[in-house]
*Asks:* 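Quick one: the structure is below, and I'll ask about it shortly.
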Amino acid sequence: MKIISRVEELRALIHELKLQGKSVGLVPTMGYLHEGHLSLIREAKAQQDVVVASIFVNPLQFGANEDFAVYPRDLERDSQLAADAGLDIIFAPSVEEMYPQGFENMITFVDLIHITDKLCGAARPGHFRGVATVVTKLFNLVCPDAAYFGQKDAQQVIVIKRMVVDLNMNINIVTVPIVREADGLAMSSRNVYLSPEQRQAALVLNQSLRKAAALLDNGERDCTKLKQAIEQMIGAEPLADIEYIAICDTSTLENLAKIENKALIALAVKFGNTRLIDNIIWEG
Ligand code: PAF
């Protein structure tokens, strides 16, 4: 497995691979890899000749009071895990390499409207602009045939899929299911911030989503009632602080009053300073 930190070296290697007729898959990550990321790498490996994973904690997608400075980073550990999963290339640039003019001085952005000011975007203004911009830069550098994203970041997947359509990017966006711990907690690099008590309390995310799915399976379609059931369950957990509970359309993210046959149920909940997200897509 190669580890590349310079843009020019990456470009040269990609050029060579394309000349050889190889298909290329991209797995964009911010590192501190867990089983969720590794499932993206394995899926990409099953479909493409060569797989590149980017490891880059992107300052452009963090708000001023967010965890950019303390976000967990461990390239050595990531390299070992990625190599074991069969990855071919890690692209791990510095902030200066990705933003040679300084990320604070950027004047060109990829900005999607409507779907980015809801759910996570409502509490994190500018977040999806940062994501869409860095993902576009990575797409331009790696020229992948397909890029792989985890369903855990449901809104991010919707944003990237829409960006690719709107901007005619010739890249297949593949969504890979959420990977959960044995007790149901969705895997996240941010889980390391949780105290043992918060880690236990955080199980309520998956439990409340499962409760909503069970109600739906039993015929409940009223989103106010479904939200109330979720809110009651999470509200009973003293360490949990609800940021949002959304039941919405799976492509526009518009709130639904009643579920016809498909909906995204998404949550963001804080445990202390740690903000966790989780979701399910229910289909009847
Ligand atoms: O999902 C993430 O880890 C990030 O948002 C991404 C897609 C790597 C962009 O920085």
Side-chain angles (χ1 to χ4, degrees), residues 2-14 26-33 37 40 52-79 82 89-144 147-150 152-153 155-164 166-167 169 171 173 188-190 192-193 243 268 273-275 277:
K2 274 197 160 63
I3 303 180
I4 295 177
S5 60
R6 307 307 294 252
V7 160
E8 283 321 314
E9 194 187 340
L10 178 71
R11 279 196 195 282
L13 183 56
I14 296 290
L26 171 66
V27 180
T29 84
M30 297 205 300
Y32 214 69
L33 303 182
H37 298 113
L40 300 178
V52 181
S54 57
I55 294 184
F56 179 62
V57 186
N58 172 34
L60 212 58
Q61 69 189 72
F62 286 78
N65 299 318
E66 294 184 355
D67 55 345
F68 173 70
V70 296
Y71 195 86
R73 295 160 168 90
D74 190 342
L75 186 55
E76 214 176 292
R77 174 183 167 279
D78 286 348
S79 310
I89 301 164
I90 287 182
F91 175 53
S94 64
V95 172
E96 294 69 34
E97 187 71 11
M98 277 304 270
Y99 298 108
Q101 315 284 343
F103 74 93
E104 308 90 338
N105 302 323
M106 285 281 284
I107 56 172
T108 309
F109 300 96
V110 179
D111 220 347
L112 290 87
I113 55 171
H114 304 315
I115 58 172
T116 52
D117 56 16
K118 302 170 172 60
L119 283 73
C120 292
R124 304 185 71 189
H127 170 68
F128 287 109
R129 175 198 238 210
V131 170
T133 302
V134 82
V135 169
T136 299
K137 283 164 76 71
L138 291 166
F139 284 178
N140 287 338
L141 291 170
V142 177
C143 307
Y148 297 77
F149 293 87
K152 188 171 80 66
D153 295 292
Q155 187 173 12
Q156 173 167 280
V157 171
I158 291 166
V159 166
I160 300 296
K161 282 190 167 163
R162 182 60 192 258
M163 173 183 91
V164 162
D166 283 359
L167 299 183
M169 294 173 168
I171 299 167
I173 303 301
S188 163
S189 304
R190 291 190 167 98
V192 294
Y193 299 150
E243 183 185 294
N273 290 327
T274 307
R275 180 180 177 280
I277 55 173

*Asks:* With a 3.5 Å distance limit and no angle check, can you tell me whether Arg275 reaches the backbone of Arg190 through a side-chain donor-acceptor pair?
*Replies:* no
*Asks:* State which residue, out of Thr29, Val95, Leu138, fulfils the side chain to side chain contact (heavy atoms under 4.5 Å, CB included) condition with Phe56.
*Replies:* Val95
*Asks:* Applying side-chain hydrogen bond (donor to acceptor under 3.5 Å, both in side chains), which residue pairs with at least one partner in residues 106-121 are found, sequence neighbours left out?
*Replies:* Asp111-Arg129
*Asks:* Look up atom CZ in Phe91 and atom CD1 in Ile14, then write down how far apart they are to the nearest 0.5 Å.
*Replies:*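 Between atom CZ of Phe91 and atom CD1 of Ile14 there are 9.5 Å.
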*Asks:* List for me each residue that meets side chain to side chain donor-acceptor pair (under 3.5 Å) alongside Tyr32, sequence neighbours excluded, and say none if there are none.
*Replies:* none
*Asks:* List in chain and number order the residues that pass ring-ring contact (aromatic ring centres under 6.0 Å, His included) with Phe68, two or more places apart in sequence or in another chain; answer none if no residue qualifies.
*Replies:* Phe62
*Asks:* First locate atom CG of Leu26, then atom CD1 of Ile171, and finally report the distance between them rounded to the nearest 0.5 Å.
*Replies:*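 Answer rounded to 0.5 Å: 8.0 Å.
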*Asks:* Could you state the interatomic distance from NZ (Lys152) to OG (Ser188), rounded to the nearest 0.5 Å?
*Replies:* 4.0 Å
*Asks:* Strictly by modelled atom types, are Asn58 and Tyr71 linked by a side-chain donor-acceptor pair under 3.5 Å?
*Replies:* no
*Asks:* Any side-chain hydrogen bond (donor to acceptor under 3.5 Å, both in side chains) pairs touching residues 133-143, not counting sequence neighbours?
*Replies:* none
*Asks:* Looking at residues at least two apart in the chain, or sitting in another chain, which of them share a salt bridge (charged side-chain N to carboxylate O under 4.0 Å, His left out) with Asp74?
*Replies:* none
*Asks:* Rounded at 0.5 Å granularity, tell me how far CE in Met163 sits from CD1 in Ile158.
*Replies:*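 CD1 of Ile158 is found 14.0 Å from CE of Met163.
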*Asks:* Distance from Asp67 atom CG to Tyr193 atom OH, nearest 0.5 Å?
*Replies:* 3.5 Å
*Asks:* Asp153: which residues meet the side chain to side chain donor-acceptor pair (under 3.5 Å) condition with it, sequence neighbours left out?
*Replies:*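 Here no residue qualifies.
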*Asks:* Test of understanding: with side chain to side chain donor-acceptor pair (under 3.5 Å), list the residues that count as partners of Glu9, not counting sequence neighbours.
*Replies:*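 With neighbours one apart ignored, the set is empty.
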*Asks:* Test of understanding: with side chain to side chain contact (heavy atoms under 4.5 Å, CB included), list the residues that count as partners of Ile90, not counting sequence neighbours.
*Replies:*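 Counting only residues at least two positions away or on another chain, Ile90 forms a side chain to side chain contact (heavy atoms under 4.5 Å, CB included) with Met1, Ile3, Ile55, Leu75, Ser79, Ala82, Leu87, Ala92.
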*Asks:* Counting C-beta onward and ignoring hydrogens, is there a side-chain heavy-atom pair between Ile160 and Val131 closer than 4.5 Å?
*Replies:* yes
*Asks:* With a 4.5 Å cut-off on side-chain heavy atoms, are Met98 and Val134 touching?
*Replies:* yes
*Asks:* Evaluate the side-chain proximity of Val135 to Gln156: yes if any heavy-atom separation is below 4.5 Å, no if none is.
*Replies:*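 No. Closest side-chain heavy atoms not under 4.5 Å.
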*Asks:* Output all residues satisfying side chain to side chain contact (heavy atoms under 4.5 Å, CB included) with Val157, sequence neighbours left out; order by chain, then residue number.
*Replies:*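 Partners of Val157 under the side chain to side chain contact (heavy atoms under 4.5 Å, CB included) test: Phe149, Lys161, Thr175.
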*Asks:* Closest heavy-atom contact between Ser54 and Pro28?
*Replies:*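 Looking at all heavy atoms of both residues, the shortest contact is OG-CA, 3.1 Å.
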*Asks:* How long is the gap from CD1 on Ile89 to CG on Leu13, to the nearest 0.5 Å?
*Replies:*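 The CG atom of Leu13 is 4.0 Å from CD1 of Ile89, to the nearest 0.5 Å.
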*Asks:* According to side chain to side chain donor-acceptor pair (under 3.5 Å), who are the partners of Asp166, at least two apart in sequence or on a separate chain?
*Replies:* Arg162
*Asks:* Heavy atoms only: give me the nearest Gly31-His37 pair and the separation to one decimal.
*Replies:*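 What the structure gives for the nearest pair is O-CE1, 3.8 Å.
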*Asks:* Using modelled atom types and a 3.5 Å cut-off, is there a donor and acceptor pairing between side-chain atoms of Glu243 and backbone atoms of Cys120?
*Replies:* no
*Asks:* Taking only residues two or more places apart in sequence, or in another chain, which ones meet Glu97 in a salt bridge (charged side-chain N to carboxylate O under 4.0 Å, His left out)?
*Replies:*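 Counting only residues at least two positions away or on another chain, Glu97 forms a salt bridge (charged side-chain N to carboxylate O under 4.0 Å, His left out) with Arg6.
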